[in-house]
Trainee: 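Attaching a single structure in structure tokens format; questions to follow.
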Amino acid sequence: MAQTDSYFTTGLDADPELASAIAGELRRQQNGVELIASENIVSRLVLEAQGSILTNKTVEGLPYARYYGGAVFADAIEALAIERAKKLFNCGFANVQPHSGSNANAAVFLGMLTLGDTILSMNVAAGGHISHGHPATLTGRDYRIVSYGVSRETERIDLDEVRDLARRERPRMMIAGGSAYPRAIDFASMRAIADEVGAYLLVDMAHFAGLVATGLHPDPLPHAHVVTTTTYKSLRGARGGMALWNDESLSNRINAGIFPGVQGSVLLHGVAGKAACLGEALRPAFAAYNRAVIDNAQALAHALANMGLRIVTGGTDTGLMLVDLDARRLTGDVAAKALERAGLAVNKNMIPFDTRPPEAPSGLRLSSNAGTTRGFGAAEFETIARWIDRVLKNPDDDAVIGAVRKDVAALCAKHPIY
Ligand SMILES: *Cc1c(COP(=O)(O)O)cnc(C)c1O
């Protein structure tokens, strides 16, 4: 039976329940300040590429070597994304198929390791990411995970600790890069340790890929055997992940780890979204954006510190920072909820050597990524710091929270999205 005409023409109007929830989310994004480090705001271009008819096409395998026919344009789109990724990160090989950052990591492990091998990665409590072998994940069950932390004095990675652990535990893979680590990592030293013990070095640059692409952060690619990233945080693009490398002898193993290792067919619309954001990232405006991300993060960190809030490690080399709430006698969950009511989206986070549990930790994680995309500068981020301070001093005061919420909405109205 032929579909009624409306099947191909009616949009969200046909589903008011879903439409109203999406409209609500759009308003939330429009009227609130996004400070969550794992988020950003994509361009109309990326939105159109990812929300396209490409969702209809099924392809498996790599471009020009597919299992299904009809892949001429699919091949062109994926090849474009790969070429742009290689150009942006100045590397020899890229796989743009991982559906997410976690999948990219699981695929690299599967392709490069043998089940049961030892992985040396950063503790989640010190800023590592759960996909680096947390016991609750599949990778945590499939491999033997040993973790390093940070130094108690500097709250930074202690290379002596990493070296001692590597010598004792003989990992097959070492991982650098986390989700709540605000400082640049010494990739050359990590690689020297990996070489000494015969391990691969994986760098997961999800939170600083945009800075690497624009030369504002040390580049892991000359040092790591393989680099993984998400594409929707600092790269400001489609949801998904990527793997990048330079050693051709690893290609088959990494590609096979992704497909058929941990994934089936390609999310071609996601790959198109990645091609779109990588294209944007190759333009000069992306470098200006990333410079502003750093300047704004430093302005925010500095302003919060001046208000008596301790910034973990004393600052940030990326767009990301951790705030210790101890001085306010607040926990991260209570603070995040009060800030959300004021229109300021943040996430609770453990700080290094936290004595509190993950559900009610001592810190907050903030980032300048999304606000900078809206066009906020240092002055706006200093204002945001004052709002944060007011809310944290009055987390139960509805009048204060209401007043901040109005100011937040006014700032957002001056920097509209979509
Ligand atoms: C966000 C993040 C990931 C996971 O990405 P998903 O797309 O949520 O799977 C992996 N690694 C790091 C370091 C991250 O920050």
Side-chain angles (χ1 to χ4, degrees), residues 34-40 42 46 50 95-110 119-134 136-140 143 145 147-150 157 173-185 187 190 201-213 217-218 220 224 226-244 257-258 261-263 266-267 269-271 273-274 277 293 297 316-322 345-350 358 365-370:
E34 186 57 67
L35 296 163
I36 296 177
S38 46
E39 296 191 21
N40 212 323
V42 302
V46 169
Q50 190 162 12
N95 188 309
V96 296
Q97 292 184 2
H99 301 339
S100 69
S102 300
N103 275 23
N105 289 332
V108 166
F109 300 166
L110 190 70
I119 296 176
L120 177 57
S121 63
M122 190 181 219
N123 212 318
V124 169
H129 190 263
I130 45 170
S131 66
H132 300 171
H134 189 278
T137 68
L138 206 54
T139 56
Y143 306 96
I145 308 297
S147 41
Y148 60 90
V150 291
I157 293 171
M173 179 174 278
M174 289 172 40
I175 308 180
S179 63
Y181 187 71
R183 293 300 189 170
I185 298 166
F187 301 125
M190 292 293 281
L201 177 63
L202 163 65
V203 173
D204 181 345
M205 62 174 179
H207 278 282
F208 49 86
L211 302 172
V212 169
H217 187 281
V226 55
V227 173
T228 54
T229 184
T230 59
T231 43
Y232 57 88
K233 295 172 186 169
S234 58
L235 277 179
R236 210 162 57 159
R239 300 203 71 76
M242 289 198 300
L244 309 164
I258 295 165
V262 302
Q263 292 185 176
V266 179
L267 299 184
H269 57 303
V271 168
K274 290 171 200 174
C277 80
V293 163
T316 172
D317 300 325
T318 63
L320 178 157
M321 72 204 70
L322 283 180
V346 304
N347 65 275
K348 64 185 176 190
N349 217 98
M350 306 256 278
R365 187 182 66 159
L366 309 179
S367 154
S368 58
N369 277 346

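The shown structure was predicted, so the numbers you read here are calculated from the model rather than taken from an experiment. Ligands are counted one by one from 1 in listed order, and the atoms in each one are counted from 1 as well. When a residue number appears, it is its place in the shown sequence, counting from 1.
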Trainee: Do the rings of F208 and H217 sit parallel, tilted or perpendicular, given the 30° and 60° boundaries?
Mentor: parallel
Trainee: Could you list the atoms of ligand 1 found under 4.0 angstrom from a heavy atom of S102?
Mentor: 4 (C), 5 (O), 6 (P), 9 (O)
Trainee: So if I count the atoms of ligand 1 from 1 in the order they appear, which ones are less than 4.0 Å from some heavy atom of G178?
Mentor: 13 (C)
Trainee: For the atom pair CZ (R365) and CE (M321), what is the distance rounded to the nearest 0.5 Å?
Mentor: 11.5 Å
Trainee: Number the atoms of ligand 1 from 1 as they appear, then name those within less than 4.0 Å of a heavy atom of S131, with their elements.
Mentor: 10 (C)
Trainee: Below 4.0 Å, non-hydrogen atoms only: which portion of A206 touches ligand 1? Side chain, backbone, both or neither.
Mentor: side chain
Trainee: Applying a heavy-atom cut-off of 4.0 Å, say which part of S38 lies close to ligand 1: side chain, backbone, both or neither.
Mentor: neither
Trainee: Which is it for D204 and H132 under the side chain to side chain donor-acceptor pair (under 3.5 Å) test, yes or no, and what are the steps along the way?
Mentor: CA-CA 9 Å; D204 181 345; H132 300 171; 2.8 Å; yes
Trainee: Taking all non-hydrogen atoms of both residues, which atom of N347 and which atom of A37 are closest, and how far apart?
Mentor: OD1-N, 4.4 Å
Trainee: What is the nearest protein non-hydrogen atom to atom 11 (N) of ligand 1, stated with its residue, atom name and distance?
Mentor: D204 OD2, 2.6 Å
Trainee: Which is closest to atom 14 (C) of ligand 1 by heavy-atom distance: H207, K233, R239?
Mentor: K233
Trainee: Begin with the C-alpha distance, continue with both residues' side-chain angles, and end with the deciding distance and a verdict on side chain to side chain donor-acceptor pair (under 3.5 Å) for T139 and T137.
Mentor: CA-CA 5 Å; T139 56; T137 68; 2.8 Å; yes
Trainee: What closest approach, in Å, do A224 and V203 show between heavy atoms, and which atom pair accounts for it?
Mentor: CB-CG2, 3.7 Å
Trainee: With rounding to the nearest 0.5 Å, note down the distance linking OG in S367 to CG in N40.
Mentor: 7.5 Å
Trainee: How far is atom 6 (P) of ligand 1 from the closest protein heavy atom, and which atom is that?
Mentor: Y232 OH, 3.2 Å
Trainee: Are G241 and ligand 1 in contact, using a heavy-atom cut-off of under 4.0 Å?
Mentor: no
Trainee: Can you list the atoms of ligand 1 that are under 4.0 Å from a heavy atom of S100?
Mentor: 6 (P), 7 (O), 9 (O)
Trainee: Of all the atoms in ligand 1, which lie at a distance below 4.0 Å from a heavy atom belonging to S179?
Mentor: 15 (O)
Trainee: Please enumerate all residues that pass side-chain hydrogen bond (donor to acceptor under 3.5 Å, both in side chains) together with T228, with sequence neighbours excluded.
Mentor: N105
